[in-house]
Structure formats: C-alpha cells, structure tokens
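Structure record follows, encoded as structure tokens.
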Amino acid sequence: DVQLQASGGGTVQAGGSLRLSCAASGFTKDDYAIVWFRQAPGKGREGVSCISITDRSTHHNYFAKGRFTISSDHVNNMVHLQMNSLEAEDTAVYYCAAGPFCTGYSGAMNYWGKGTQVTVSS
C-alpha cells in the first residue's frame with residue numbers, strides 16, 4: 001500500500017526559504033518518480049519539480065528553475081523540495097505525487113499525498 005505524506009509548509013516573507021518533505025512508503029522497486037505539484041486559489045494544478053527515482057534525473061518548471069532544488073534521501077525514503085527566494089506568486093497548496101516517470105501532467109500520477117500550505121507574504 002503506497003502512501004505519501006507531505007510536510008514543511010508554512011508562512012514566510014518574500015525572499016525567504018522553505019523546505020518541503022515527502023515521505024514515501026510502500027514502493028517495492030525504484031522505478032517511479034516523485035513530482036511536486038501546486039495549486040493556487042482559482043488556478044489549476046501545475047507541476048513544480050520532479051525527481052526520477054529510476055534514473056535520478058531532476059526536472060523543474062520554468063518558474064522554479066534557479067530557485068528550487070529537489071533531492072531524494074533513500075535512507076529515510078524521503079524527497080525534499082528546497083525552495084529559496086520565494087515570491088508571493090509561490091503561494092499555493094503543494095502536493096507530492098508519484099507516477100511512472102517525471103511529467104507535469106497531474107493525470108499521470110498514481111498516488112497523491114495531502115497538500116501542505118505555503119504562504120509567502122509580500
């Protein structure tokens with residue numbers, strides 16, 4: 001039974017940093033990807049960053065490049081999203097999800113964790 005748990009959200013001022021974490025359990029093989037999505041009020045869900053556990057490759061949406069870093073910790077079965085230089089536009093509920101490969105299409109994900117709120121004040 002695959003389970004994902006997201007944590008680390010909070011409120012920060014513009015220019016600040018947060019580290020989100022996704023705890024994964026129930027995977028039997030390293031043949032999947034962890035994707036962070038976010039959804040702001042009135043907007044659709046969009047992909048943020050992804051790490052392929054299969055080949056260790058990472059990918060970012062344009063707004064995250066240069067500011068966000070995604071990494072995996074196999075010892076603790078965790079994926080972290082380090083978010084720096086946060087902007088008001090980053091305010092959203094952030095979700096971690098798992099699918100067969102990295103993609104920004106939420107419909108391709110097989111498992112979802114509950115979201116964690118990130119609020120950036122300007």
What ring-ring contact (aromatic ring centres under 6.0 Å, His included) pairs are there with at least one residue in [range], not counting sequence neighbours?
range: residues 3-28; answer: F27-Y32
range: residues 103-122; answer: F37-W112
range: residues 56-80; answer: none

Do [X] and [Y] make a side-chain contact, defined as non-hydrogen atoms from C-beta onward lying under 4.5 Å apart?
X: N77; Y: S25; result: no
X: M83; Y: V118; result: yes
X: L86; Y: Q13; result: no
X: S17; Y: V12; result: no
X: I34; Y: L4; result: yes

Give me the one residue out of T69, L20, I51 that meets side-chain contact (heavy atoms from CB on, under 4.5 Å) with L81.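 Single side-chain contact (heavy atoms from CB on, under 4.5 Å) partner of L81 among T69, L20, I51: L20.
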Please confirm whether the backbone N or O of V120 pairs with a side-chain atom of T91, one donor and one acceptor, at under 3.5 Å?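 Yes, the answer is positive, given that a donor and an acceptor are paired below the 3.5 Å cut-off.
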Residue pair [X] / [Y]: nearest heavy atoms and the distance that separates them:
X: I53; Y: S72; result: CD1-CB, 4.0 Å
X: A14; Y: S122; result: CB-CA, 4.4 Å
X: Y95; Y: G113; result: CD2-O, 3.6 Å

Using the rule given for side chain to side chain contact (heavy atoms under 4.5 Å, CB included), can you reason through M109 versus T103, listing the C-alpha separation, both sets of side-chain angles and the distance that settles it, and then say yes or no? CA-CA 9 Å; M109 301 297 105; T103 176; 3.5 Å; yes
Can you name the residues that form a salt bridge (Lys or Arg N to Asp or Glu O under 4.0 Å) with R67, not counting sequence neighbours?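 R67 satisfies salt bridge (Lys or Arg N to Asp or Glu O under 4.0 Å) with D90 only.
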Does F101 sit in a hydrophobic cluster with other residues, and if so which ones, taking ILVMFWY side chains as linked at heavy-atom separations under 4.5 Å, directly or through other members?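 F101 shares its hydrophobic cluster with no other residue.
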With side chain to side chain contact (heavy atoms under 4.5 Å, CB included) as the criterion, how do V48 and N61 come out once you've worked through the C-alpha distance, each side chain's angles and the decisive distance to 0.1 Å? CA-CA 5 Å; V48 180; N61 208 332; 5.7 Å; no
I'd like to know whether CD of E87 has more than 12 heavy-atom contacts from other residues, nucleotides or ligands below 6.0 angstrom.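 Buried by this count: over 12 neighbours within 6.0 Å.
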Which salt bridge (charged side-chain N to carboxylate O under 4.0 Å, His left out) pairs, counting each pair once, include a residue from residues 46-62, with sequence neighbours left out?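 Those involving residues 46-62 are R38-E46.
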Would you please say whether a donor-acceptor pair under 3.5 Å links the side chains of T54 and D31?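 No, no side-chain donor-acceptor contact under 3.5 Å.
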